[in-house]
Protein chains: 2
Amino acid sequence: MAPHTETRWLNDNEQRAWRAYLVATEKLYQKIDRELQQNSGMPHAYYMILAMLSEAPGNGLKISELADVLTSSVSRLSHALTKLETLGWIRKDADPSDKRVSYACLTDEGLRVLVEAAPGHVRTVASNMFDRLTEQQVEQLYEISAAILSAVAPEEIPELTLRPVKGDDATARP
Amino acid sequence: MAPHTETRWLNDNEQRAWRAYLVATEKLYQKIDRELQQNSGMPHAYYMILAMLSEAPGNGLKISELADVLTSSVSRLSHALTKLETLGWIRKDADPSDKRVSYACLTDEGLRVLVEAAPGHVRTVASNMFDRLTEQQVEQLYEISAAILSAVAPEEIPELTLRPVKGDDATARP
DNA sequence: CATGATTACTTGAATGTTCAACTAATAAGC
DNA sequence: GCTTATTAGTTGAACATTCAAGTAATCATG
């Protein structure tokens, strides 16, 4: 532990916000994960893999790029892709120009599963989050998240990560 | 999948906010977990157990109450407490008046570990989150979280969960 | 006060995540 | 071009979390 001359603490408002954020996020994640697990047999992390692939040109992405978009370690993703491959929801294509590289590609079956999972998932997100927020609060949440991102991921280009990219769930819109 | 007459989707602003929130939260959690794991040998979930116990009268809580405060399943907590007990950071005390009940209690060693972990943890939270937010945004984050909580945990009494309870990390303040 | 229901917690198996070590292929330096 | 370094991805072990099933004590009821 590096010694510091003075220790930073949170003031009462920060405390309160931090606690509320933690509990709200925890419960929201639990709801999202349970809904997806029950209705579509996958956790949110796997849903996101399918969603990101569905957005990519040709429904495929380099594994390392996919990991980047997902904020996932390559190792975690590799394990997940193994599982998704046995489920037949994705496929791995080799890159002929660089034999180290693999592309993860959504299969027809994977797309079907995603399209079927999407409405329930979006309903969960909307009813537990956006239906309770004003337009202003949605904007505020974006700004707050962007501010946090500037600290936790300074290298990221905001445009890439944060602009409305037809993201996540909207992806599977028919 | 229950049939719905019309499917809810997210509009562009909601999309953008949702994506940003997801990525920011993911990266923030990764930073917090890595810092705690490296400097104190425990994940954030375990830190929270110690922190909540340290706030309780007598440094102990009924296991089911602790699970509630932590937004954790009893099973998850039970596994975690087993680990923490072997580490010597908590102890389980039986309730003489109801033999089904156990109290989880912070040991002196557990408190020592928590006090040592706290400054680094708070520094991580502050530098990656609160140092980037205005006072207004801190207030907004609280309101947004409270709104989400009203959906995901309608049974919770806001006062209990959300008031500045000397929470989390502040706990370990000497 | 005996039986059935409920509550409190534990356990084990299955799944997911992390970390460090590994393989294989390409790039860089000399 | 040969060696070394870097990059892409995989793997296995350790750990964490979930879910369902199990144990044990207390409560509720008739």
Side-chain angles (χ1 to χ4, degrees), chain A residues 25-27 29-50 60-87 89-105, chain B residues 25-27 29-50 60-87 89-105:
Chain A
T25 299
E26 194 84 7
K27 296 235 181 212
Y29 273 45
Q30 283 167 10
K31 280 218 167 186
I32 289 173
D33 257 334
R34 286 162 78 84
E35 188 277 328
L36 277 171
Q37 194 67 59
Q38 295 216 327
N39 296 331
S40 308
M42 62 182 146
H44 184 238
Y46 288 19
Y47 177 91
M48 287 299 290
I49 294 175
L50 302 185
L61 270 180
K62 264 185 66 175
I63 288 184
S64 45
E65 286 173 356
L66 182 54
D68 224 50
V69 177
L70 290 167
T71 326
S72 166
S73 71
V74 180
S75 168
R76 176 193 185 191
L77 180 57
S78 181
H79 284 295
L81 290 177
T82 300
K83 179 75 187 294
L84 290 175
E85 198 176 22
T86 72
L87 289 171
W89 297 354
I90 68 115
R91 171 179 25 91
K92 287 186 203 163
D93 289 356
D95 182 340
S97 77
D98 184 341
K99 288 171 195 164
R100 290 171 303 179
V101 173
S102 269
Y103 283 80
C105 300
Chain B
T25 298
E26 195 84 8
K27 295 234 184 215
Y29 273 44
Q30 283 167 10
K31 280 219 169 185
I32 288 173
D33 257 335
R34 287 161 78 85
E35 187 278 325
L36 276 172
Q37 195 67 62
Q38 295 217 327
N39 296 331
S40 307
M42 62 182 146
H44 183 239
Y46 287 22
Y47 176 90
M48 286 298 289
I49 294 175
L50 302 186
L61 270 180
K62 263 185 68 177
I63 288 182
S64 44
E65 286 172 357
L66 182 54
D68 224 51
V69 178
L70 289 167
T71 325
S72 165
S73 72
V74 179
S75 168
R76 175 193 186 193
L77 180 57
S78 182
H79 283 297
L81 289 177
T82 300
K83 180 75 189 295
L84 289 176
E85 197 176 20
T86 72
L87 289 171
W89 296 355
I90 67 114
R91 171 179 25 92
K92 288 185 202 161
D93 288 355
D95 182 339
S97 76
D98 184 341
K99 288 171 195 162
R100 292 169 305 180
V101 174
S102 269
Y103 283 79
C105 301

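From a predicted model like this one, the values you see are computed outputs, not experimental measurements.
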Taken in chain and number order and not counting sequence neighbours, the residues that satisfy side chain to side chain donor-acceptor pair (under 3.5 Å) with A:Ser78 are none
What pairs with A:Ser72 under side chain to side chain donor-acceptor pair (under 3.5 Å), at least two apart in sequence or on another chain?
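Here no residue qualifies.
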Please enumerate all residues that pass side chain to side chain contact (heavy atoms under 4.5 Å, CB included) together with A:Ser75, with sequence neighbours excluded.
A:Ser73, A:His79
Sequence neighbours left out, what passes salt bridge (charged side-chain N to carboxylate O under 4.0 Å, His left out) with [X]? Give chain and number order.
| X | answer |
| --- | --- |
| A:Arg76 | B:Glu26 |
| B:Lys92 | B:Glu85 |
| A:Glu65 | none |

Please tell me which of B:Asp98 and A:Lys99 maps to the more 5' nucleotide of DNA chain C, matching each residue to the nucleotide holding its nearest heavy atom.
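It is B:Asp98 whose nearest nucleotide is closer to the 5' end.
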Looking at B:Arg34, does any N or O in its side chain come under 4.0 Å of the phosphate oxygens OP1/OP2 on C:dC19?
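For C:dC19, OP1 or OP2 has a side-chain N or O of B:Arg34 closer than 4.0 Å.
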One thing to verify: whether A:Lys31 and A:Asp33 come together as a salt bridge, which I'm taking to mean a side-chain N less than 4.0 angstrom from a carboxylate O.
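Looking at A:Asp33 and A:Lys31, the cut-off is not met.
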Using distance only, find each side-chain donor-acceptor pair of residues 95-102 of chain B under 3.5 Å and give its atom names and separation, not counting sequence neighbours.
unit_1  : atom_1 : unit_2   : atom_2 : d
B:Asp95 : OD1    : B:Ser97  : N      : 2.8
B:Asp95 : OD1    : B:Ser97  : OG     : 2.9
B:Asp98 : OD1    : B:Arg100 : N      : 3.0
B:Asp98 : OD1    : B:Arg100 : NE     : 3.2
B:Asp98 : OD2    : B:Arg100 : NH2    : 2.9

For DNA chain D, note the earliest and the latest nucleotide, 5' to 3', having some atom under 4.0 Å of a heavy atom belonging to chain A.
D:dT7 to D:dC19
With sugar-phosphate taken as primed atoms, P, OP1 and OP2 and all else as base, the protein-contact string of nucleotides 9-17 of chain C at under 4.0 Å (heavy atoms; B, S, -) is SBBB---SS
